[in-house]
Amino acid sequence: QTDLIRVYEVANPSVVYIVTDTGSGSGFVYDRQGHIVTNQHVIASTRSLEVVFSNGDRRRASVVGSDEDGDLAIIQVDSLPEGVQPLPIAAEDHLRVGQLVVAIGNPFGEQGSMSMGIVSGLGRSLPSQMDLATGSAYSLPEVIQTDAPINPGNSGGPLLNLNGEVVGVNAAIASASGTSSGVGFSIPVKAVRMIVPELIESGIHEYSYIGAGFDGDITLDEEELYGLATTRGAYVVSVTPGSPAAQAGLRAASSSSGRGGDLVVAVDAQPVNNFNDLNSYLVFGTQPGQTVELT
């Protein structure tokens, strides 16, 4: 109880309520220059941004950069209220399933609300906010699943450990009703560390891609259908013309039989058990223009 009270009292002044002309959400102070982290979908298509701090101070804000694939955005205010400090960003890869976490935000506009839960799962995927005509898009890997109640208005707020460090950015819930069902998703701190500095510097983040579509999780029935000897790997079902995958000669499965596609079992000697492994390596382990070796 003492730890939870301490986390709230220290962190809440740095968590903001973001009001747009299309809705509202949450965010948190990233640095002393007034940069605030939130979700891209919170600020998408808005013409005005107002930031409300926990002490009631209000500031106009402007968009500095946004990333639809990672659902992250940076907005900036001209000044911070006295005493408001940036939230500390946790070191990467320290989360464990079962670890206690708290979410602070503004669910249903109720400013400064805190909820508690555990890390329910790791290595989940979050579909991109980008709507592509091809129907294909990124899924951000290594997303955190939590049962800390997350509701509309929590989006963009921090997921914190009991040291008060940001371990994720609350982004989505899995619920037909639109309210918390015990399955919430947070963008991992690894993505925050990678994407946010680039959004501040240039306004965008560029991802690596190879230009191929994969069967994300090969079932036993699909193993038989594809004529494979294993369910491990990422099976190539399509290749975009002119893409790096096409130039490298990756083979896609036949659209009629489902057979004949390449099965990627390693990337740069790192094992690929499924598409998530490959996607995680591309997103967090490579940069555009880099050459990778697929087995």
Side-chain angles (χ1 to χ4, degrees), residues 67-71 92-93 95-97 119-145 171-172 174 183 185-188 190-191 194-195 205-295:
D67 173 34
E68 288 181 291
D69 287 323
D71 196 15
E92 298 173 12
D93 301 329
L95 277 186
R96 298 290 182 270
V97 173
V119 175
S120 304
L122 297 168
R124 308 309 193 207
S125 295
L126 191 66
S128 169
Q129 295 292 307
M130 187 178 295
D131 182 17
L132 298 181
T134 60
S136 63
Y138 272 108
S139 288
L140 185 72
E142 301 192 29
V143 168
I144 303 160
Q145 179 187 333
V183 183
F185 298 100
S186 293
I187 298 162
K190 180 183 289 189
M194 177 181 74
I195 297 170
H205 172 73
E206 188 177 359
Y207 289 83
S208 300
Y209 86 105
I210 60 176
F214 297 87
D215 186 322
D217 192 18
I218 302 170
T219 66
L220 290 172
D221 285 344
E222 288 171 335
E223 177 188 12
E224 183 177 344
L225 172 66
Y226 298 151
L228 303 176
T230 178
T231 59
R232 294 182 180 272
Y235 187 63
V236 182
V237 296
S238 65
V239 173
T240 303
S243 67
Q247 295 173 35
L250 255 67
R251 294 174 301 181
S254 166
S255 58
S256 57
S257 69
R259 298 197 170 203
D262 282 329
L263 182 69
V264 179
V265 295
V267 54
D268 286 342
Q270 301 295 313
V272 171
N273 292 313
N274 51 44
F275 172 69
N276 283 340
D277 290 343
L278 176 60
N279 192 36
S280 181
Y281 185 85
L282 292 176
V283 171
F284 294 119
T286 67
Q287 296 180 345
Q290 179 178 335
T291 298
V292 296
E293 181 178 304
L294 300 181
T295 304

Between S120 and V183, is the side-chain contact (heavy atoms from CB on, under 4.5 Å) condition met? List the steps.
CA-CA 8 Å; S120 304; V183 183; over 6 Å; no
Spatial distance of atom CD1 (I210) from atom CG (L278) [nearest 0.5 Å]:
5.0 Å
To the nearest 0.5 Å, atom CG of L126 lies from atom CD1 of I187 at 6.0 Å
Write down the atom of G242, the atom of A246, and the distance for their closest heavy-atom approach.
N-CB, 3.8 Å
State the OG-CG distance between S257 and L225, to the nearest 0.5 angstrom.
8.0 Å
Passes side-chain contact (heavy atoms from CB on, under 4.5 Å), M194 versus V283? Steps please.
CA-CA 10 Å; M194 177 181 74; V283 171; 4.0 Å; yes
Find the distance between CG (L250) and OG1 (T240) and round it off to the nearest 0.5 Å.
11.0 Å
Spacing of F284 atom CZ and N279 atom CG [to the nearest 0.5 Å]:
8.5 Å
When every non-hydrogen atom of A191 is compared with those of L140, the smallest separation belongs to CB-CD2, 4.4 Å
Crowded around E224 CD? As in, over 12 foreign heavy atoms under 6.0 Å?
no
Minimal non-hydrogen separation, R232 against V265, with atom names:
O-CG1, 4.4 Å
Report yes or no: does Y235 contribute a side-chain atom to a donor-acceptor pair with the main-chain N or O of G261 at less than 3.5 Å?
yes
For the student: nearest non-hydrogen atoms of S243 and G211, plus distance:
OG-O, 3.2 Å
Which heavy-atom pair separates P141 from S280 by the least distance, and what is that distance?
CG-CA, 3.6 Å
Given side-chain contact (heavy atoms from CB on, under 4.5 Å), test F214 with V236 step by step and report yes or no.
CA-CA 5 Å; F214 297 87; V236 182; 3.5 Å; yes
Would D268 and Y281 count as having a side-chain donor-acceptor pair, cut-off 3.5 Å?
yes
Between T219 and T231, the two heavy atoms sitting closest are O-CG2, 3.9 Å
If you apply the rule side-chain contact (heavy atoms from CB on, under 4.5 Å), what do you find for I218 with L263, and how did you get there?
CA-CA 11 Å; I218 302 170; L263 182 69; 3.8 Å; yes
Validation row: P271, D277 side chains within 4.5 angstrom (heavy atoms)
no
Roughly how far, to the nearest 0.5 Å, is the CG atom of D215 from the CD atom of E223?
11.5 Å
Heavy-atom side-chain contact between I144 and L122 under 4.5 Å:
yes
Does E222, at its CD atom, have more than 12 non-hydrogen atoms belonging to other residues, nucleotides or ligands within less than 6.0 Å?
yes
Could you tell me whether the side chains of T286 and S208 share a donor-acceptor contact shorter than 3.5 Å?
yes
